[in-house]
Amino acid sequence: QVQLVESGGGLVQPGGSLRLSCAASGSIFSINAMGWYRQAVGKERELVAAITSGGSTNYADSVKGRFTISRDNAKNMVYLQMNSLKPEDTAVYYCNADLRTRRAQRIDQAYWGQGTQVTVSS
């Protein structure tokens, strides 16, 4: 069994900052890419940022220069530092991991966290 648990969401004023964390635990053999997605009310889920096991990153154009993704491979954790937050960043943020379990070491599987709410409002 594998679990991804996010933390760090909340209410912040425009221009403020938040740091999201996601911990992957359970019967994990290896983790490839990890990332953050978000889904606003009435919209589809979209990629915010992703990072490979080697540290290569990819960002949505809307967050470039404001958000930074990082990971700690030893702890199976991924982080999202969000600065200069805007009201349009309001959404539920989901952690995603592309990983292999100990039971299925040759199969890549996608796992999701339960989501954490980020609200940017004055």
Side-chain angles (χ1 to χ4, degrees):
Q1 192 78 358
V2 174
Q3 282 189 318
L4 272 63
V5 179
E6 302 103 333
S7 61
L11 173 64
V12 64
Q13 292 186 342
S17 297
L18 281 176
R19 186 180 189 236
L20 305 183
S21 300
C22 172
S25 63
S27 185
I28 298 171
F29 176 69
S30 65
I31 302 179
N32 301 320
M34 301 185 80
W36 291 94
Y37 288 70
R38 68 186 180 187
Q39 187 167 18
V41 174
K43 295 188 177 181
E44 294 185 353
R45 189 173 298 189
E46 63 175 358
L47 174 68
V48 176
I51 184 168
T52 67
S53 57
S56 296
T57 59
N58 181 41
Y59 294 93
D61 288 343
S62 60
V63 307
K64 284 181 180 177
R66 300 189 297 122
F67 291 10
T68 301
I69 189 171
S70 60
R71 65 188 281 177
D72 184 331
N73 290 332
K75 296 181 179 179
N76 288 341
M77 293 196 69
V78 63
Y79 308 95
L80 186 67
Q81 178 67 43
M82 305 185 292
N83 299 328
S84 302
L85 282 160
K86 304 175 181 180
E88 50 264 43
D89 294 317
T90 296
V92 177
Y93 284 70
Y94 297 90
C95 175
N96 169 268
D98 178 27
L99 58 84
R100 298 182 179 185
T101 64
R102 295 188 186 279
R103 176 175 293 186
Q105 297 182 11
R106 298 182 178 183
I107 301 174
D108 293 319
Q109 300 177 70
Y111 285 81
W112 294 89
Q114 80 287 352
T116 185
Q117 177 70 46
V118 171
T119 302
V120 184
S121 175
S122 55

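Side chains are part of it too, since the values below use all heavy atoms of this structure and drop only hydrogens, waters and symmetry mates. Source: prediction; values computed, not measured.
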Closest contact, heavy atoms only, Ile69 versus Ile51: CD1-CG2, 3.7 Å
Nearest-0.5 Å distance that lies between atom CD in Gln81 and atom CG in Leu18: 8.5 Å
Within 6.0 angstrom of Gln1 CD, more than 12 heavy atoms from elsewhere: no
Cluster link Val120 to Met82, ILVMFWY, side chain under 4.5 Å: yes
Set of ring pair (Phe, Tyr, Trp, His ring centres under 6.0 Å) partners for Tyr37, sequence neighbours left out: Trp112
Spatial distance of atom CD (Gln3) from atom CD1 (Ile28) [nearest 0.5 Å]: 10.0 Å
Tyr111 with Met34, same ILVMFWY side-chain cluster at under 4.5 Å: yes
Presence of salt bridge, Lys64 and Asp61, under 4.0 angstrom: yes
Minimum heavy-atom distance between Gln109 and Ala104, given as atom pair plus value: NE2-CB, 4.0 Å
Minimum side-chain heavy-atom gap Val5-Ser25 below 4.5 Å: no
Residue pairs, two or more places apart or on separate chains, that pass salt bridge (charged side-chain N to carboxylate O under 4.0 Å, His left out) and touch residues 101-118: Arg100-Asp108
Contact summary for Ala24 and Leu4, nearest pair of heavy atoms: CB-CD1, 4.0 Å
Heavy-atom pair of closest approach, residues Ser53 and Arg71: N-NH1, 3.2 Å
Ser62 OG to Asp89 CG distance, which is reported to the nearest 0.5 Å: 7.0 Å
Connected via hydrophobic side-chain network under 4.5 Å: Val2 and Trp36: yes
